[in-house]
Amino acid sequence: MIEGDAHDPPTDAIVTQVLAASPSARPIVLAEEFTEPAAFSLLRLGAKGLITYAEASQRLPIILGEVDAGGFWVPRALLSRFVDETWAAKAPRRPVERTSALTPREQEILDDLLQNLSNKEIASKRSISSRTAKFHVSNVLSKHGVKRRADLFLLCLQERGASQPT
């Protein structure tokens, strides 16, 4: 867990150093508050959790369990704005890794998820039932080790960023 002022550029450097030393680390940044630019930068670098002191004092065991299980912990409103901004910038369309375990249909569903399509929209686009779309979405999430679409999006964005040369 990284504690400090999330507005300081050194926090970005610490997250980068942690991940360079241990690529499988799941950095969590603890701060008084997070501005959008600071939070977005930390998420793009690979932070798995952004926690305020107030939240940590009440829910730290839950947060650590969620992040340890492969999820992310980011305030909902902040995550929503991050996802909207990133989708608007047409960021990830396909993760760099972990696609070999997907069937061709699941890869299509993944592409649809990264375009922010709902199950109903996926079903219509792929000429399948909503129930079948839901089944495929569940499989894609499971194979990526996440529970939510937002977690999948963050995972794919971070994998994409990690594979690009700096």
Side-chain angles (χ1 to χ4, degrees), residues 1-87 91-103 106-107 109-110 113-114 116 119 134-164 166:
M1 190 168 319
I2 301 164
E3 185 176 1
D5 185 354
H7 309 293
D8 284 342
T11 305
D12 286 0
I14 293 169
V15 170
T16 302
Q17 289 173 350
V18 166
L19 289 170
S22 179
S24 63
R26 304 194 56 72
I28 299 172
V29 179
L30 181 64
E32 188 66 38
E33 64 179 13
F34 294 93
T35 64
E36 282 188 14
F40 294 1
S41 175
L42 290 166
L43 290 170
R44 286 187 183 102
L45 287 172
K48 306 301 183 195
L50 304 177
I51 307 168
T52 64
Y53 293 121
E55 189 175 27
S57 69
Q58 298 174 357
R59 306 181 74 182
L60 191 58
I62 295 167
I63 294 167
L64 293 176
E66 184 68 30
V67 172
D68 187 50
F72 290 79
W73 194 274
V74 181
R76 185 177 300 270
L78 187 61
L79 178 61
S80 178
R81 289 190 301 275
F82 176 72
V83 169
D84 288 346
E85 178 184 294
T86 307
W87 265 314
R93 286 295 179 241
R94 174 172 283 148
V96 175
E97 298 176 19
R98 301 184 191 205
T99 56
S100 62
L102 298 179
T103 67
E106 288 168 347
Q107 186 63 55
I109 300 299
L110 174 61
L113 288 170
L114 296 177
N116 201 22
N119 287 357
K134 183 177 179 179
F135 173 79
H136 287 307
V137 167
S138 177
N139 285 345
V140 169
L141 294 174
S142 177
K143 287 183 178 182
H144 282 84
V146 297
K147 297 178 184 175
R148 302 177 306 164
R149 291 168 187 246
D151 290 347
L152 177 68
F153 181 81
L154 286 172
L155 179 68
C156 292
L157 176 69
Q158 290 178 353
E159 286 181 349
R160 179 176 181 246
S163 71
Q164 293 176 344
T166 55

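One finds the CH2 atom of W73 at 10.5 Å from the CG atom of D151 (value rounded to the nearest 0.5 Å). Taking CD of E33 as the reference point, atom OG1 of T52 lies at 9.5 Å (rounded to 0.5 Å). Once rounded to the nearest 0.5 Å, the distance linking CG of L152 with CG of L110 reads 5.5 Å. For the atom pair NE2 (H136) and CD (Q107), the distance works out to 13.0 Å, reported to the nearest 0.5 Å. Of the inter-residue distances, the one linking D12 atom CG with Q17 atom CD reads 11.0 Å to the nearest 0.5 angstrom.
Contact check for R149 versus V137: side-chain heavy atoms found under the 4.5 Å cut-off. Side-chain atoms of L50 and L30, non-hydrogen and from C-beta on, never get closer than 4.5 Å to each other. Side-chain contact between L154 and L79: present, with at least one pair of heavy atoms (C-beta onward) separated by less than 4.5 Å. Using a 4.5 Å cut-off on side-chain heavy atoms (C-beta onward), K147 and L141 make no contact. Contact of the R44 side chain with the F82 side chain is registered, since non-hydrogen atoms from C-beta on lie closer than 4.5 Å. The closest side-chain heavy-atom distance from L42 to F34 is below 4.5 Å. Looking only at side-chain heavy atoms (C-beta outward), F153 and L113 stay at 4.5 Å or farther from each other.
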Checklist entry - Run the side-chain contact (heavy atoms from CB on, under 4.5 Å) check on F72 and L155 step by step: do they pass? => result CA-CA 9 Å; F72 290 79; L155 179 68; 4.2 Å; yes
Checklist entry - Given the rule in the side-chain contact (heavy atoms from CB on, under 4.5 Å) test, do V29 and V15 qualify, once you have shown the distances and angles that lead to the verdict? => result CA-CA 8 Å; V29 179; V15 170; 3.9 Å; yes
Item to check | Residue pair E36, L78: steps toward the side-chain contact (heavy atoms from CB on, under 4.5 Å) verdict | outcome: CA-CA 7 Å; E36 282 188 14; L78 187 61; 3.8 Å; yes
Next on the checklist: Is there a side-chain contact (heavy atoms from CB on, under 4.5 Å) between H144 and V140? Walk through the geometry before answering.
Outcome noted: CA-CA 6 Å; H144 282 84; V140 169; 4.0 Å; yes
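Nearest heavy-atom pair, G46 versus P27, reported as atom, atom and distance to 0.1 Å: O-CD, 3.8 Å.
No donor-acceptor pair closer than 3.5 Å links the side chain of S41 to the backbone N or O of A38. Judged by distance alone, the side chain of E106 and the main-chain N or O of T103 form a donor-acceptor pair under 3.5 Å. Looking only at distances, no side-chain donor or acceptor of K48 sits under 3.5 Å from a matching main-chain atom of G70. Counting only distance, with no hydrogens or angles, the side chain of S22 and the backbone of V18 share no donor-acceptor pair below 3.5 Å. Checked by atom type and distance alone, the side chain of R26 never pairs as donor or acceptor with a backbone atom of A69 at under 3.5 Å.
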